There are 4 protein chains.
Amino acid sequence: MIENLAPAPSKREIASEKRRKHILEAAIACFIDKGFHQTGMRDIAARAEVSIGNLYNHFPGKHDFLIGLANMEGEMIAPFIEHLEVDGLANETFSAFLQDYWVIVSDKDVAILTAEITAEAMRMPDIAKQFLEVRRSLALALSSLLEKGITQGIWRPSGDPLHTANFILDTIECAADRQAMDKTSAQAQLAHLEVFLSSSLGVSCNN
Amino acid sequence: MIENLAPAPSKREIASEKRRKHILEAAIACFIDKGFHQTGMRDIAARAEVSIGNLYNHFPGKHDFLIGLANMEGEMIAPFIEHLEVDGLANETFSAFLQDYWVIVSDKDVAILTAEITAEAMRMPDIAKQFLEVRRSLALALSSLLEKGITQGIWRPSGDPLHTANFILDTIECAADRQAMDKTSAQAQLAHLEVFLSSSLGVSCNN
Amino acid sequence: MIENLAPAPSKREIASEKRRKHILEAAIACFIDKGFHQTGMRDIAARAEVSIGNLYNHFPGKHDFLIGLANMEGEMIAPFIEHLEVDGLANETFSAFLQDYWVIVSDKDVAILTAEITAEAMRMPDIAKQFLEVRRSLALALSSLLEKGITQGIWRPSGDPLHTANFILDTIECAADRQAMDKTSAQAQLAHLEVFLSSSLGVSCNN
Amino acid sequence: MIENLAPAPSKREIASEKRRKHILEAAIACFIDKGFHQTGMRDIAARAEVSIGNLYNHFPGKHDFLIGLANMEGEMIAPFIEHLEVDGLANETFSAFLQDYWVIVSDKDVAILTAEITAEAMRMPDIAKQFLEVRRSLALALSSLLEKGITQGIWRPSGDPLHTANFILDTIECAADRQAMDKTSAQAQLAHLEVFLSSSLGVSCNN
DNA sequence: TATGAATGAGCCTTCATTCAT
DNA sequence: CATGAATGAAGGCTCATTCAT
């Protein structure tokens with residue numbers, strides 16, 4: 001199998017890519033601390049320990065940090081998609097997913113970033129697109145799991161699985177947001193959530 | 001019942017209150033158009049056809065427009081609470097509520113404002129408090145309805161009703177947000193949502 | 001005769017107009033010192049002893065200082081037009097004009113500003129228009145004088161008077177520019193210029 | 001006549017010289033398009049398809065592009081000096097010169113560059129020197145022609161020929177500048193100019 | 001030579017807010 | 001109550017130049 005028809009990245013390119021990531025992480029840290037609009041390029045530069053001008057060698061403008069952030073959220077989501085596709089009993093897979101996913105999205109930083117991105121996405125189609133794309137692939141994977149669960153006789157069929165998957169994710173994410181604003185115990189909330197979702201998936205009649 | 005222990009508002013006070021509302025509406029219109037941070041006091045003043053200085057006679061600062069907005073969202077929600085408390089079959093009341101509420105929250109302007117407030121609330125406790133309070137009273141009303149439905153034998157009990165109520169609202173609101181970013185038909189989405197939520201509420205076993 | 005249908009300017013408007021002029025003069029002083037592009041809004045604000053932000057209450061942007069400057073050059077030129085229109089022998093009027101005009105345009109500051117404006121006008125049609133308009137009215141006045149001189153039998157007719165007028169002004173102004181770059185005596189230069197222009201106007205054949 | 005005491009340039013030096021010229025031309029193209037101050041080193045590098053850093057291997061700084069430009073204007077003028085020195089009737093030589101020179105200086109790009117240089121020269125003595133030197137040699141050549149014309153009995157003597165020569169060039173160049181800002185026909189303007197200058201040179205009395 | 005990442009002062013402009021009128 | 005000129009810090013971004021590779 002032939003790969004890498006493109007020339008291998010030079011040392012310099014690798015270093016540059018590292019720097020880019022380093023700067024992006026600094027930017028995200030700022031966004032968590034102060035919010036996107038309250039963060040200045042100066043803040044990012046200071047946090048990344050890089051000159052302001054150099055920021056622009058790696059990101060064309062402030063907007064692009066948002067895109068970078070959306071991409072990064074995508075990367076954060078990717079492993080969950082894989083988890084949903086492993087073999088096994090659907091309800092067990094789902095339960096594991098729910099716990100892991102909840103840990104991530106109910107994290108205050110993540111919730112803050114998500115809120116930030118959501119608000120921006122309302123006004124910037126490119127961000128929205130990126131955001132929805134990631135979301136869509138996660139929903140697709142969950143949808144497959146739901147179908148498997150129905151096939152396995154674990155859940156009873158009810159409505160279109162893709163929509164159901166989306167609603168489930170909605171519930172989780174929005175609950176996580178409330179969590180971040182409030183101070184309730186995240187652990188307790190998770191238990192309630194599990195009950196709610198189990199119920200919404202129903203149980204096979206032959207149970 | 002005793003009301004109005006305070007002296008009746010004078011004509012001047014009424015006029016001032018009107019002006020305040022007028023300005024707040026202008027501010028909100030700006031927030032919808034451009035977002036909170038992108039809106040300047042100048043924009044608001046221009047839209048309200050009022051001088052910049054005069055803005056400060058009615059609102060101590062920019063932040064207070066956000067509080068005003070959160071209040072207004074509260075007022076928008078209030079009638080729904082009443083709706084949930086009317087007599088009748090719980091599932092019918094719920095269905096009516098769902099439709100009406102969906103119309104409101106899936107409106108793009110409302111979604112934009114909600115996203116804006118949510119993002120700000122993450123960083124501003126007073127906004128979060130206001131926001132969560134409104135949310136809490138709506139959830140309480142819905143929770144009562146759920147209990148009534150269970151009493152009426154319409155739904156089967158499942159988990160804590162208050163949490164369930166919150167999750168239901170989460171699902172609706174988060175779905176509405178996706179709606180606002182995407183372009184799918186809101187009507188179709190509502191149908192799917194209804195199926196999902198019905199399912200999550202279950203049906204009484206003796207049906 | 002009815003005038004002033006428009007309301008008289010209020011005290012505040014008068015003060016504002018004064019301030020505007022004050023700021024414009026500061027800007028022009030900066031342009032003379034450092035050139036338009038080398039002058040920052042900070043320089044202007046400092047020189048006018050005004051805050052940077054306040055600059056923008058009187059001029060929408062940096063560009064507008066250039067327009068203001070072009071206007072001011074127009075005002076500077078206006079009296080010369082009147083001088084050209086006084087009664088008397090054309091050659092005497094012309095001689096007086098030449099001396100007075102030379103004093104102005106061979107002034108180093110004026111030459112610098114003119115060069116600055118000319119360069120900008122090449123790229124900004126609105127500046128060019130303003131500049132050419134002023135120039136045109138001066139040329140028209142001079143043209144009238146030339147015709148009068150011919151009528152008076154002082155000069156012999158030669159070519160279109162308006163073009164001749166323009167060429168005469170060209171010669172004066174361009175010579176003044178060279179003057180400003182070089183260090184030759186302005187006075188001597190003026191004498192030579194007078195000879196040249198007299199010659200180009202010719203003398204009536206019946207002399 | 002001995003030339004080239006310096007060692008012949010090596011191949012590498014020739015290539016470097018070519019590169020230098022290539023870059024300078026790119027810079028000038030930028031100056032025409034956007035103006036000196038609006039042109040960044042990045043623009044020049046991009047236009048020359050050369051790296052920014054490499055620019056500095058050929059020109060010590062941005063200022064030096066201006067010097068290079070002034071030199072190039074000098075090279076552009078050189079052939080005109082030769083033209084003025086050919087044998088023949090002075091008025092015919094002059095007429096030919098006027099036409100050719102007008103074609104050059106009334107070209108919009110040239111006018112733009114000249115305005116740009118003039119404005120800068122006001123503030124930078126080295127540019128002014130270079131500029132005036134070129135101008136001076138052209139004026140000298142024209143002056144010689146004027147003297148020849150007088151000797152030939154074509155023109156009547158009037159004032160110092162060198163000053164006259166300078167004034168003639170002033171008229172041509174300044175008229176060309178107006179031309180570049182305005183949109184009048186350059187051809188028509190040339191005809192008027194010829195009349196004006198002929199007149200200013202006068203005709204010998206014995207004609 | 002040739003490259004382009006790195007620098008940080010500087011650019012023009014906008015900001016929320018104040019206050020004399 | 002109403003006005004809008006005044007403030008000056010901060011906004012995102014560009015600049016000419018350097019230098020390790």
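Throughout, a chain's letter reflects where its sequence line sits, starting with A, and its residues are numbered from 1. Here the structure is a predicted model, which means the values were calculated and not measured.
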For Gln130(B), give me all partners under side chain to side chain donor-acceptor pair (under 3.5 Å), at least two apart in sequence or on another chain. Asn71(B)
Under the side chain to side chain donor-acceptor pair (under 3.5 Å) test, which residues partner Gln38(A), sequence neighbours left out?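 Partners of Gln38(A) under the side chain to side chain donor-acceptor pair (under 3.5 Å) test: His37(B).
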Of the options dA6(E), dA5(F), dG4(F), whose atoms approach the side-chain atoms of Asn57(A) most closely? dA6(E)
Atom-to-atom span, [atom1] of [X] to [atom2] of [N] - whole angstrom:
| X | N | atom1 | atom2 | result |
| --- | --- | --- | --- | --- |
| Phe59(A) | dA6(E) | CZ | C1' | 16 Å |
| Leu66(A) | dG12(F) | CG | P | 13 Å |
| Lys18(B) | dC1(F) | NZ | C1' | 17 Å |
| His22(C) | dA6(F) | NE2 | P | 10 Å |

Contact between Met76(B) and Val110(B) at the side-chain level, heavy atoms closer than 4.5 Å - yes or no? yes
So do Glu17(C) and Arg20(C) actually touch side chain to side chain, heavy atoms under 4.5 Å? yes
Which atoms form the tightest heavy-atom contact between Ala115(B) and Thr118(A), and what is the distance?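 Closest approach of Ala115(B) to Thr118(A): CB-CG2, 4.3 Å.
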What are the two closest non-hydrogen atoms of Ile44(A) and Thr39(A), and how far apart are they? CG1-CG2, 3.7 Å
5' precedence on DNA chain E between Leu55(D) and Glu49(A) (nearest-nucleotide basis): Leu55(D)
Carboxylate-amine/guanidinium proximity below 4.0 Å for Lys34(C) and Glu116(C): no
Residues passing the side-chain contact (heavy atoms from CB on, under 4.5 Å) test with Asn54(B), sequence neighbours excluded, are Arg19(B), Val50(B), Ser51(B), Asn57(B), His58(B)
I'd like to check the ring-ring contact (aromatic ring centres under 6.0 Å, His included) partners of Phe36(B); sequence neighbours left out, ordered by chain and number.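 By the ring-ring contact (aromatic ring centres under 6.0 Å, His included) rule, Phe36(B) matches Phe31(B).
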Nucleotide-resolved protein contact map, nucleotides 15-21 of chain F, B/S/- at heavy-atom distance under 4.0 Å: -BBB--B
Short side-chain N/O contact to dT3(F) OP1/OP2 from Ser51(B), under 4.0 Å: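 Ser51(B) to dT3(F) OP1/OP2: side-chain N or O found under 4.0 Å.
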Under-4.0 Å side-chain N/O to phosphate OP1/OP2 contact, His58(A) with dA6(E):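 So the side-chain polar atoms of His58(A) do come within 4.0 Å of the phosphate oxygens OP1 or OP2 of dA6(E), strictly under.
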Paired and unpaired positions of DNA chain F as dot-bracket, Watson-Crick or G-U wobble under 3.5 Å, | denoting a partner strand: .||||||||||||||||||||
